[in-house]
Amino acid sequence: MFVLRRVLWLGPVLLSVSFITFVLMHLVPGGPWDSDKTLPPAVIENLNRRYGLDQPYWQQYLSFLARALQGDLGLSFIRQNQTVSEILLQGLPVTASLAVLALVLALVTGLTLGVVAAFRQNTWVDYLCVAFATLGASTPSFVLGILLVLTLALGLKVVPTSGWGQPQHLVLPALTLTALPAAYIARITRSSMLDVIHQDYVRTARAKGLAEQVVILRHVLRNALIPVLTVAGPIGAHLAAGSFVIETLFAVPGVGRLFVQSVLARDYGLIMGATLFYTVIISLANLAVDILYAVVDPRIRY
Amino acid sequence: MLPLSRGTGTVALELPGARGRLRRGLWSDALRRLLANRLAVFGLAVIALMSFIAVFAGLLAPHDPTFQDYGAVFEAPGQNHPLGTDNLGRDTFSRLLFGARTSLTVGIFAQVILVSIGLPLGAVAGFFGGKVDNSLMRFVDIIYAFPDLLLIILLRSIFGGSIFMIFVAIGLVEWTGLARLTRGQVLNLKGQDYVLAARAMGARWHEMLARHLVPNGISPIIVAMVFGIPRAIFAEAALSYIGIGVQPPTPSGGTMGPEGYQAILAFPHLILSPALAIGVTTLAFTFLGDGLRDALDPRGYR
């Protein structure tokens with residue numbers, strides 16, 4: 001019931017998002033045909049007719065909606081003869097592979113650091129983990145990216161500074177992308193673990209003679225991971241949307257760059273398509289987290 | 001609610017009369033705890049220094065930050081230019097000082113705008129509940145579903161180049177988190193027994209607001225604001241880095257990044273200095289935010 005309601009709610013959300021984007025996009029001064037050399041009026045007229053810009057706004061919006069409902073996001077205004085769907089599908093695997101890699105890395109390092117720090121509370125191990133988490137959470141991604149380029153790429157020369165296509169190109173952007181979520185997950189895991197470790201039911205579990213592993217796995221971790229799940233969803237969604245800064249810094253041809261380029265070039269078709277596409281992904285990621293909640297924590301009922 | 005229910009950490013419940021009959025209020029108590037936290041004091045000191053620099057940048061800077069001296073391009077750090085000069089012969093140190101002004105202004109004013117939208121909306125939703133709550137929160141959901149940097153970029157392109165509009169754009173997009181937080185706080189407090197008791201005893205609404213709702217509900221909001229400042233600074237730096245934030249001659253951490261990146265190999269200090277400046281600023285706000293959270297919530301422990 002809950003899942004169904006959430007999926008149905010996606011409809012109005014997408015409608016509103018597309019409407020707001022449409023209005024804002026046309027409020028932005030300038031148009032897709034602005035370039036260094038001015039085009040002859042006849043050419044602009046033809047272009048407008050081809051892309052439907054000669055129609056009134058409401059008609060443009062409605063025909064966009066009608067096409068989008070059939071899964072057709074239309075043509076890109078700037079990249080000739082490419083559809084928006086093609087462009088998005090080219091960028092998607094790039095961003096997705098980075099996002100998955102970064103999410104896995106962030107979960108592994110974040111959880112490890114958080115759990116270790118909690119079990120060694122107020123020792124140097126704990127302080128080291130907390131220091132990492134604080135530094136990671138307060139370093140802007142482009143600052144970290146630059147530092148990594150300076151050390152790993154230019155200093156040690158173990159990885160290339162930028163580019164895409166080979167496995168070693170993944171290293172710098174993935175590391176840069178991982179730091180912030182890893183730090184965040186480490187902080188949440190640590191405080192949530194500390195919270196759970198001191199609960200009565202953990203003491204009970206130990207008192208009745210359960211093996212330490214069983215206590216930790218079944219009683220501590222399972223309960224401590226719920227808050228982590230809360231942040232994992234938004235983090236995943238955030239990573240999936242691609243990072244403009246990191247993709248620009250490392251010349252990665254992902255969708256994050258597409259967003260920026262589409263707005264800067266007033267590529268109306270791509271702006272609408274990319275926004276809707278990502279609204280769907282972000283909403284589905286959040287929905288997945290809500291469902292996972294109920295799986296992990298039987299107390300939660302929708 | 002039992003403040004002593006958990007075993008570890010600082011227990012801030014002090015028995016009245018234990019050390020003279022000092023009358024301590026909520027805020028003086030919190031301030032005392034804050035000042036006992038070395039990291040938070042360090043953060044405060046850095047922020048104070050940054051604010052001083054931001055205000056008096058004009059007096060402290062040895063050179064005009066936008067003056068281009070083509071006779072002194074890429075000069076090494078020395079007597080005349082403490083941090084050298086950039087590719088246009090501008091004094092890096094002076095640009096850094098003015099960059100601090102940009103970052104802090106954006107960070108703080110974006111928060112002001114964000115809070116003035118999010119706080120009343122969240123409070124109204126939580127207070128009135130029902131239909132008002134439902135429609136307001138659906139609106140929040142829609143804004144939240146947007147890829148946020150895309151929305152900021154769109155708004156930014158509509159509003160044009162002035163620096164004031166950067167924090168308007170950031171504030172207009174990022175208020176949803178605070179609205180949710182405020183709503184949650186109000187909902188939670190509304191159900192507390194002592195609020196009910198106060199109402200039963202005939203307390204007027206402004207008394208309840210001043211005596212119960214604000215003191216009990218405001219701490220997480222203050223903490224969220226402090227953590228929000230570095231996030232806005234990140235956002236501004238990222239926008240400037242892409243080229244749609246602060247407009248070029250104006251120095252900011254973000255604009256200095258790509259300017260320095262062109263010469264990263266030969267003159268790494270050009271990119272390291274703004275990167276570190278932003279890193280230290282955000283670190284300071286993180287320390288202060290952590291300290292405030294611990295200080296304002298006596299039940300919390302690290």
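Chain A is the first sequence line, chain B the second, and so forth, proteins listed ahead of strands; every chain is numbered from 1.
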Taking side chain as everything from C-beta outward and backbone as N, CA, C, O, which of these in [X] sits under 4.5 Å from a heavy atom of chain B? Side chain, backbone, both or neither.
X        : answer
A:Ala137 : backbone
A:Thr279 : both
A:Leu14  : neither
A:Leu264 : side chain

Residue part contacting chain A, namely of [X], when any heavy atom lies under 4.5 Å:
X        : answer
B:Leu151 : side chain
B:Phe287 : side chain
B:Ser157 : both
B:Arg231 : neither
B:Phe227 : side chain

Tell me whether [X] at atom [atom1] has more than 12 heavy atoms from other residues, nucleotides or ligands lying less than 6.0 Å away.
X        : atom1 : answer
B:Phe167 : CZ    : yes
A:Arg120 : CZ    : no
B:Arg180 : CZ    : yes
A:Phe119 : CZ    : yes
B:Phe42  : CZ    : no

Open item on the list: Suppose a student defines contact as a heavy atom less than 4.5 Å from any heavy atom of chain B. Which residues in residues 15-25 of chain A would they list?
Closed with: A:Ser16, A:Val17, A:Ile20, A:Thr21, A:Leu24, A:Met25
Task: Neighbourhood of chain B inside residues 129-136 of chain A, taking heavy atoms under 4.5 Å as contact - done: A:Thr134, A:Leu135
Task: Among A:Thr248, A:Val280, A:Val13, A:Leu27, residue most engaged with chain B (heavy-atom pairs, under 4.5 Å) - done: A:Leu27
Open item on the list: Let's test your reading of the structure: which of A:Val260, A:Leu276, A:Thr275 forms the most heavy-atom pairs below 4.5 Å with chain B?
Closed with: A:Thr275
Task: Straight-line distance of B:Thr286 OG1 to A:Arg187 CZ, nearest 0.5 Å - done: 7.0 Å
